[in-house]
Amino acid sequence: MSRRKGLRLLAAGVLTVWLCLFLHWENTEKSMIRSLLVETKDDSWTVGLLYQFPEASADSSEAEAAIRLCVGRGPQLSAAIAAAEKALPQRADWRLCEYLFVEQDSVRRALPVCEELFLHQPSGRLASRMFGAGFSVETLEERAGASDVLPENILQCVKNSAPSAPRLYEQGSGFVLPIVELEEEGAHCKPEALVVTPEQTTQLTEAQTEMALLLQGRSRTTAGEHRFMLGAGTLRLHRAFCGVEREGEGFLLRVNALARGELPPDAEKELKTLCEDTIRRCWTLGLDVSGLGAYQALRDGDLGLTTKNVCPEIRADVRLMQF
């Protein structure tokens with residue numbers, strides 16, 4: 001055997017061994033964490049992990065493994081997560097953890113702790129979509145014990161509503177938080193959402209929630225549809241576009257959208273009033289939902305316009321076209 005042929009066989013052997021080790025490591029059975037539920041009260045933390053097992057779920061977010069729940073408790077969030085991981089059938093893998101539930105009464109305390117923890121430990125993702133939980137982890141644990149499909153249906157609910165949910169890294173300046181509530185064997189997102197700022201948490205009406213999502217370029221559906229219940233009927237909008245202009249000492253907000261079907265009478269007038277009321281309401285709560293402060297900073301280099309000030313004069317101009 002020539003020296004060159006021997007080197008080729010040696011290289012092939014090394015490559016084969018490396019591939020075998022790689023495939024073994026990648027196919028080791030893991031518990032794939034799909035969602036993290038967090039709540040805190042007094043000096044204790046409780047977390048729930050919605051996970052998939054076995055390892056068939058490691059290569060795709062569309063894996064067929066059943067969704068299951070395990071729970072952990074501890075004096076700190078990291079300790080509670082570690083306790084929950086011990087209850088998993090195999091070691092935790094957080095690559096597919098795309099959703100973060102926080103019990104709605106714990107939101108303002110829990111989210112900064114989650115962000116700080118995820119910066120330093122692989123216990124979640126800063127890009128996770130955030131939802132408020134209208135239920136406790138204990139309640140979910142009890143209900144999931146009596147229903148094999150409940151955890152999977154909860155995950156499907158938030159997947160369907162993901163376009164309306166902010167990401168964890170966006171929580172610093174305030175946000176509109178959708179709330180998930182349990183059904184008999186499933187879950188649904190409430191039509192009313194919360195405005196969460198560092199100072200307070202307050203609920204919007206259904207109409208204000210829909211308008212706030214429109215102004216932020218979000219939607220409850222992947223199709224980008226907005227649905228408003230007006231005095232004269234239901235209005236369905238698509239391809240909404242918002243633009244802000246300076247108008248004297250105030251602002252002009254232009255909203256253009258395509259309306260499906262016949263326009264209800266006074267639809268543009270009702271939407272104009274709702275738009276202005278929603279902006280003022282959110283501003284009062286501490287959320288610049290239409291980006292007025294950012295617009296002024298870019299235009300004038302003046303960072304003085306914040307939600308700590310009186311809300312600036314705002315006039316909405318709503319234009320709808322049928323299709």
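Because only heavy atoms are used, hydrogens play no part in the values below, and waters and symmetry mates are left out as well, while side chains stay in.
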(message) With a 4.5 Å cut-off on side-chain heavy atoms, are His226 and Ser219 touching?
(response) yes
(request) Mind listing the closest non-hydrogen atom pair of Leu88 and Ala92 along with its distance? (result) CD1-CB, 3.6 Å
(message) For the backbone of Leu320 and the side chain of Glu268, can you confirm whether one donor and one acceptor N or O come within less than 3.5 Å of each other?
(response) yes
(request) Can you sort out the partners of Arg254 under salt bridge (charged side-chain N to carboxylate O under 4.0 Å, His left out), two or more places apart, ordered by chain and number? (result) Glu245, Asp317
(request) Taking Glu270 for its side chain and Gly231 for its backbone only, find out whether a donor-acceptor pair lies under 3.5 Å. (result) yes
(message) Does any part of the side chain of Glu116, heavy atoms only, come nearer than 4.5 Å to the side chain of Leu119, both counted from C-beta?
(response) yes
(message) Let me confirm one number: the CD-CD1 distance from Gln208 to Ile279, rounded to the nearest 0.5 Å.
(response) 11.5 Å
(request) Kindly check if the number of other-residue, nucleotide or ligand heavy atoms within 6.0 Å of CZ (Arg236) is above 12? (result) yes
(request) Please report the shortest heavy-atom distance between Asp288 and Gly293, naming the atom on each side. (result) OD2-N, 2.7 Å
(message) Tell me whether Arg220 contacts the main-chain N or O of Ser161 through its side chain, where contact means a donor paired with an acceptor under 3.5 Å.
(response) no
(message) Is it the case that the side chain of Ser128 and the backbone of Cys97 share a donor-acceptor pair, with hydrogens and angles ignored and the cut-off at 3.5 Å?
(response) yes
(request) Write down the atom of Val255, the atom of Cys242, and the distance for their closest heavy-atom approach. (result) CG2-SG, 4.1 Å
(message) Any side-chain to backbone donor/acceptor pair from Gln322 onto Gly261? Under 3.5 Å, distance only.
(response) yes
(message) Counting C-beta onward and ignoring hydrogens, is there a side-chain heavy-atom pair between Glu115 and Leu126 closer than 4.5 Å?
(response) yes
(request) Find out whether the Lys NZ or Arg CZ of Arg315 is both under 6.0 angstrom from the six-membered ring centre of Phe251 and within 45° of the ring's axis. (result) no
(request) Could you tell me the separation between the CH2 atom of Trp283 and the OG atom of Ser290, rounded to the nearest 0.5 Å? (result) 7.5 Å
(request) Kindly give the heavy-atom pair with the smallest separation between Pro312 and Leu292, and that separation in Å. (result) CG-CD1, 3.7 Å
(message) Has Ser106 got a side-chain atom pairing as donor or acceptor with Thr40's backbone, closer than 3.5 angstrom?
(response) yes
(message) Do Asp266 and Leu230 make a side-chain contact, defined as non-hydrogen atoms from C-beta onward lying under 4.5 Å apart?
(response) no
(message) Distance alone, cut at 3.5 Å: any donor-acceptor contact between the side chains of Ser136 and Thr139?
(response) yes
(request) List the steps and the verdict of side chain to side chain contact (heavy atoms under 4.5 Å, CB included) for Leu237 and Leu271. (result) CA-CA 11 Å; Leu237 300 182; Leu271 283 183; 3.9 Å; yes
(message) Which heavy atom of Glu98 sits nearest to which heavy atom of Arg125, and what is that distance?
(response) CG-NH1, 3.4 Å
(request) Would you mind reporting whether Glu192 and Leu204 have side-chain heavy atoms less than 4.5 Å apart? (result) no
(request) Compare all side-chain heavy atoms of Trp45 with those of Ile81 and state whether any distance is below 4.5 angstrom. (result) no
(message) Tell me the closest heavy-atom pair linking Cys114 and Val38, and the distance in Å.
(response) SG-CG2, 4.1 Å
(request) Count the heavy atoms of every other residue, nucleotide or ligand shown that sit under 6.0 Å from CG of Asn160, and state whether that count exceeds 12. (result) yes
(message) Could you check whether any side-chain heavy atom of Val107 comes within less than 4.5 Å of a side-chain heavy atom of Phe175, counting everything from C-beta outward?
(response) yes
(message) Side-chain heavy atoms nearer than 4.5 Å, only ILVMFWY residues, links allowed to pass through others: does that put Leu274 and Val244 together?
(response) yes
(request) Report the C-alpha distance between Arg280 and Glu276 in whole Å, list the side-chain angles of each, state the deciding distance to 0.1 Å, and finish with yes or no for side chain to side chain contact (heavy atoms under 4.5 Å, CB included). (result) CA-CA 6 Å; Arg280 295 190 184 101; Glu276 294 171 354; 3.5 Å; yes
(message) Between Leu252 and Leu215, is there shared hydrophobic-cluster membership here, with clusters defined by ILVMFWY side-chain heavy atoms closer than 4.5 Å?
(response) no
(request) Evaluate the side chain to side chain contact (heavy atoms under 4.5 Å, CB included) criterion for residues Gln203 and Lys190: first the C-alpha distance (whole Å), next the side-chain angles of each, then the deciding distance (0.1 Å), finally the verdict. (result) CA-CA 11 Å; Gln203 183 171 287; Lys190 290 180 61 177; 3.4 Å; yes
(message) Under a plain distance cut-off of 3.5 Å, with no hydrogens placed, do Trp94 and Gln121 share a side-chain donor-acceptor pair?
(response) no
(message) Contact between Val158 and Phe101 at the side-chain level, heavy atoms closer than 4.5 Å - yes or no?
(response) yes
(message) For the OG atom of Ser35 and the CZ atom of Arg129, what is their distance to the nearest 0.5 Å?
(response) 13.5 Å
(request) Could you walk me through whether Leu150 and Leu69 pass the side chain to side chain contact (heavy atoms under 4.5 Å, CB included) test, one step at a time? (result) CA-CA 10 Å; Leu150 179 58; Leu69 172 71; over 6 Å; no
(message) Quick check against the 3.5 Å criterion: does Arg218 have a side-chain atom that pairs as donor or acceptor with the backbone of Leu213?
(response) no
(request) List for me each residue that meets salt bridge (charged side-chain N to carboxylate O under 4.0 Å, His left out) alongside Glu138, sequence neighbours excluded, and say none if there are none. (result) none
(message) Measuring from atom CG of Leu285 to atom CZ of Arg281, what distance do you get when rounded to the nearest 0.5 angstrom?
(response) 4.5 Å
(request) Report the distance from atom CG of Leu155 to atom CG of Leu50, rounding to the nearest 0.5 Å. (result) 6.5 Å
(request) Could you tell me the separation between the CD1 atom of Ile154 and the CG atom of Leu37, rounded to the nearest 0.5 Å? (result) 7.0 Å
(message) Salt bridge check, Arg227 against Glu225: does any charged N sit closer than 4.0 Å to a carboxylate O?
(response) yes
